[in-house]
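Reviewing the structure listed below.
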Number of protein chains: 2
Amino acid sequence: MARDTEKRRLELRETLTDIAERHVREEGTASLRARALANEAGCAVGAIYNVFEDMTGLILSVNGRTFQRMGEYVLKSAADKAPQKPADQLVTIAHAYLNFASENPNLWRALFDVEMPSDREVPAWYLDELGKLFSIIASPLSELNPTADAREIDLLTRALFSSVHGIVLLGLEQRISGVPSEQLEEMIEIVLRNFAASQART
Amino acid sequence: MARDTEKRRLELRETLTDIAERHVREEGTASLRARALANEAGCAVGAIYNVFEDMTGLILSVNGRTFQRMGEYVLKSAADKAPQKPADQLVTIAHAYLNFASENPNLWRALFDVEMPSDREVPAWYLDELGKLFSIIASPLSELNPTADAREIDLLTRALFSSVHGIVLLGLEQRISGVPSEQLEEMIEIVLRNFAASQART
DNA sequence: TTGTCCTGTGAACGATGTTCAATGAGCTAT
DNA sequence: ATAGCTCATTGAACATCGTTCACAGGACAA
C-alpha cells in the first residue's frame, strides 16, 4: 500500500512538473496558477501540496529539468566542435549558453528568478548543477593558464561565467539594453577573446 | 483650486515615495503592501492610485531616486580619484558600482526587478539614466581605443557594463555564488584589466 | 460486516492589488 | 449667509492568489 501511494505520488509529481514546465516555457513563472495546474492535472489543489512543499518547490522541479537540458546542450555544443583551442572552447561554451537562453528565455530566467524565503535553503542539487557548469568552463581555463592554482581557476571561472551571464541577461531584457541578438555573440566574443589573449601573455 | 490639488498630490507622491523607499531598502520590493503604505502615509488606499498608476509606478518612482544617487555616487568616485589612466578609471567606476550595490542591495536589485507588463512601456527617463551610466563608461573606453567608431564604443560599453553587472549580480546572490565580497573586486579587476590590456595592444 | 487507518479532496481562510459608488469639502452665484 | 454644484478623496467591496485542514470515502484486517 505504502508502495502504491508512493508510486502514485511520483507520477503526480511528474505530471505536475510537465504541465508547469509548459506553462513556464510559454508564459513565464509569474503566470503559474495552482488552480489551473490542478485542473489540467485532473487533481485537487490540495494534491499539489501532498507532492510539493509549495509552488516554489514545483518551480524548482521544473528548474531541475532545465538545468539538466542546459548542461547537456552546452556539453554537446563543445563536443561537436572539438578539438578546439582553449579560447575557442570558451567562446563555443558561452555561445551555447546564450543560445540556450534565447531559445528558452522563460525557462532560463526561471533558473535565477526563484525567490527563496530567507529561511529556506537552496537544494544541494541546485548548487551541484551550477558546479557542473563551472567545471565545463574551468577545463579550458586551466589549459589556457597551466600555472594557475585551483583557487585562481575557480575565481576566473566565476568571473567569466558571471560576465557572460550578465551579457545574456541584459541582452535578453531587450527593453533595457536594446541590443540585437547577433551583437550579443559579438560582445561575448570580445570579452572572452580579450581575456584569453591577456591570459596567454601571462 | 486645480493648483492646490496638484500641489497636494505632488506632496503625497513624495511622501509615498519616501515610505516606499524605506521599505524597499529594508525589506526589498516584494514586501511592499498598499495598505501598509496608506497607513503610514495617513491616507486611504485609493489615494495611492490617484497619484500612481499602480504599485509598479510607485516602485519606478523609488528607482528614479536610486538611479540618481547611484549616478552621483559613481561620478563622484571617479572624480575623487582623477586623474587616472583609462584602465584605472574603468576599474574605479566598476568598483563604485559594486560598492553601491552592496551597500544598497535591495534598492539596487529593485532597479532591475521591476516586472513590466508586456504592454506597458519603460519610462523614457529610465533609459536616459541607463544612458548616463553608459556614457560614464564610454569615456575612458574611447580614450583607451581612439580609433574605434561610435558603434564599436557603444558595443564595448554595453559588453563591459553587462559583464560587471553580472559579476555584481551573482556575487550579491551569495546563496548561488558563495563568493566573498573582497573577491568580487578582484574578479572585476581581472576582467577589466585583461580587457584593457588587449585593447591597448590593438 | 465492522472498524481502523490513511489519502485525496475542495471549501474556507487570510492576504493581496485594484476599483468605484458614495461622501463631503470647498468654491460660486445669488 | 445660504444653497447648489463640482470634483477629489475615501474605504468597503471585488477578484484572485497561495495555502490549509476538517472531512469523506476507499482499502485492508479482524
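Proteins get letters first, then strands, A, B, ... in listed order; numbering begins at 1 in each. These numbers were taken from a predicted model, which means no experiment stands behind them.
The separation between B:Leu16 atom CG and D:dT9 atom C1' is 14 Å, rounded to whole Å. The distance from atom CZ of B:Arg35 to atom C1' of C:dG17 is 7 Å, rounded to the nearest whole Å. For the pair A:Leu12 CG and C:dT7 P, the computed distance is 14 Å after rounding to whole Å. With rounding to whole Å, A:His23 atom NE2 is found 12 Å from D:dC17 atom P. Distance, A:Ile48 CD1 to D:dC21 P: 17 Å, rounded to whole Å. Distance, A:Phe52 CZ to D:dG18 P: 15 Å, rounded to whole Å. Atom OH in B:Tyr49 sits roughly 13 Å away from atom C1' in D:dG11 (whole-Å rounding). The CG atom of B:Asp54 sits 17 Å away from the P atom of C:dT16 (whole-angstrom rounding).
Closest contact between the side chain of A:Arg9 and the listed nucleotides C:dT18, C:dT7, D:dT19 involves C:dT7. For A:Ala47, counting side-chain heavy atoms from C-beta on, the closest listed nucleotide (C:dT18, D:dG18, C:dT9) is C:dT9. The B:Arg8 side chain lies nearest to D:dT9 when the options are C:dT16, D:dG18, D:dT9.
For C:dG17, the base has no donor-acceptor partner in the side chain of B:Arg33 [N/O atoms by modelled type, under 3.5 angstrom].
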Verdict with reasoning, A:Arg158 to A:Asp154, per side chain to side chain contact (heavy atoms under 4.5 Å, CB included) = CA-CA 6 Å; A:Arg158 289 167 194 273; A:Asp154 194 61; 3.1 Å; yes

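Under 4.0 Å is where a charged nitrogen must lie from a carboxylate oxygen, and between A:Glu103 and A:Arg69 no such pair does.
Without hydrogens or angle criteria, B:Asn63 side chain to B:Ala110 main chain gives a donor-acceptor distance under 3.5 Å.
Ring pair B:Trp108/B:Tyr97 is perpendicular by interplanar angle, where above 60° counts as perpendicular and below 30° as parallel.
Each of A:Asn50 and A:Leu32 was matched to the nucleotide of DNA chain D holding its nearest heavy atom; the match closer to the 5' end belongs to A:Leu32.
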